[in-house]
Structures are given as C-alpha cells and as structure tokens.
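All values below were derived from every heavy atom in this structure, side-chain atoms included, with hydrogens, water molecules and symmetry-related copies excluded.
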Amino acid sequence: IEVEAEKKVLSQNRAKNILREARFIINDLWDKTALPEKVDEEFTEEFSEPAPGTELVEKGIELTIERKYEEALECFDEAIELNPEIALFWYSKAMVFVKMGIYSEALKCCDKAIEINPEDLHSEIMKALILHKKDKSEEAVAYLDILLDKHPGNTDIYTVKCTILY
C-alpha cells in the first residue's frame, strides 16, 4: 500500500513540475520568444529581394522590444499597407496589441494572419492564448483541440492547453 501511495505522490509531483515548466514556457512566449528578431527569409521567399514592408516590420519589432508600442504599431500599419498578404506582418502587429493588453485587436490580427496562412501555427497558438486572456478559456481549449487534430502530437499545443486547464 505504501508503494502505491508513494507512486501516486511521485506522479502528482511529476505533473506539477510539468505544469510549472509549461507556465514558464508560456510566460517566455509572451515575454520574448513570440517576436521574431527579424523577418525570416521563409516568409519572403517569393520575392527576389526582401518583401516590401520588411524593413518596417524589423523596425517595429525593435520598437516593441523597447516598449515603444505606439511607434511599433505605426511601423506595422505602414508595412501592412505596403504588403497586406504576409502573415508575419499581422502576427507581429498582434504581439504589440498583446503587450498593450488590447486583446480584441490582437485577436483580429491573429485571425487575419491565419486567413492569409492557415498553417501559421504561431498565430493559431497565440489566438488560443488571447482567447484565454479574454476569459474565454473554454473556447481556447476547444480551439486547441482543433489544432491538435491538425497537428497531432505537437508539444507546444499540449503545453498551452495544460497551462490553460491547470
């Protein structure tokens, strides 16, 4: 009986450690890794030179890191005006709204990024996190379940789902 009780305690402790790690990963996502350092070539490969608006987005990312959110939004708006069909531009703008706590606008930007690139997992995960921040956790979990159907076994999706649920 003692062995079974000990296994149960170890299992509970292991689950708590996993959740603690998941929360750390989510906080890290919000704090720094969600913004790319620069516009990656994979997002602009259809152009022989950097896509129109790329420099503005890179400047906007720098301004976001410096917490100059209004200026960053201006850069992203200009970039989107030049080239509205790059999902990363919309995703980057969404991140600024998240940093500002303006979740309804962030959600609109995520939806636009997903509309442009339905395989944009970063925007999809961010959408779930935004829904959670808007106190729509049930909707966020349902959305993550849809993502898990599309991307079975994706640990990032499981991590976000566990963080929301626990």
- prompt: In terms of hydrophobic clusters joined by side-chain contacts under 4.5 Å, are Ile116 and Leu82 together?
  reply: no
Side chain proximity check, Asp145 to Lys161, heavy atoms < 4.5 angstrom: yes
- line: Here the pair of heavy atoms bringing Pro118 nearest to Lys150 is O-NZ, 3.2 Å
- prompt: Does Tyr69 share a hydrophobic cluster with Phe97, counting links as ILVMFWY side-chain heavy atoms below 4.5 Å and allowing steps through other members?
  reply: yes
- prompt: Is a donor on one side and an acceptor on the other found under 3.5 Å between the side chain of Trp90 and the backbone of Ser123?
  reply: no
message: Can you confirm whether His151 sits close enough to Glu124 that some side-chain heavy atom of one is under 4.5 Å from a side-chain heavy atom of the other?
response: yes
task: State whether Lys59 and Glu62 are salt-bridged, where the test is any N-O pair (Lys NZ or Arg NE/NH1/NH2 against Asp/Glu carboxylate O) under 4.0 Å.
output: no
task: Locate the shortest heavy-atom distance separating Leu131 from Ala140; write the atom from each residue and the value.
output: CB-CB, 3.8 Å
- prompt: Under a 4.5 Å cut-off applied to non-hydrogen side-chain atoms, are Leu121 and Ile157 in contact?
  reply: yes
query: Tyr143 ring centre to Lys127 NZ or CZ under 6.0 Å, with the angle to the axis within 45°?
result: yes
query: How long is the gap from SG on Cys109 to CG on Leu73, to the nearest 0.5 Å?
result: 8.0 Å
message: Quick check for you: to the nearest 0.5 Å, what is the distance between Ile114 atom CD1 and Asp120 atom CG?
response: 7.0 Å
message: If I take atom CD1 from residue Ile86 and atom OG from residue Ser92, how far apart are they, to the nearest 0.5 angstrom?
response: 10.5 Å
query: What distance do Leu144 atom CG and Asp149 atom CG have between them, rounded to the nearest 0.5 Å?
result: 11.0 Å
message: Do Val160 and Ile146 sit in one hydrophobic cluster, given that two such residues count as connected whenever their side-chain heavy atoms are within less than 4.5 Å of each other, even indirectly?
response: no
- line: For Leu63, the hydrophobic cluster (side chain heavy atoms closer than 4.5 Å, chained through members) also holds none
- prompt: Once you round to the nearest 0.5 Å, how far does CE of Met126 lie from CG of Leu107?
  reply: 10.5 Å
field: Heavy-atom side-chain contact between Leu56 and Phe89 under 4.5 Å
entry: no
task: With rounding to the nearest 0.5 Å, note down the distance linking NZ in Lys136 to OH in Tyr103.
output: 14.0 Å
query: Mind checking what makes salt bridge (charged side-chain N to carboxylate O under 4.0 Å, His left out) contact with Glu66, not counting sequence neighbours?
result: Lys68
task: Could you state whether Leu129 and Leu165 fall into the same hydrophobic cluster, counting links through intermediate Ile, Leu, Val, Met, Phe, Trp or Tyr residues with side-chain heavy atoms under 4.5 angstrom apart?
output: yes
- request: Check salt bridge (charged side-chain N to carboxylate O under 4.0 Å, His left out) between Glu105 and all other residues, then give those that pass, not counting sequence neighbours.
  value: Lys108
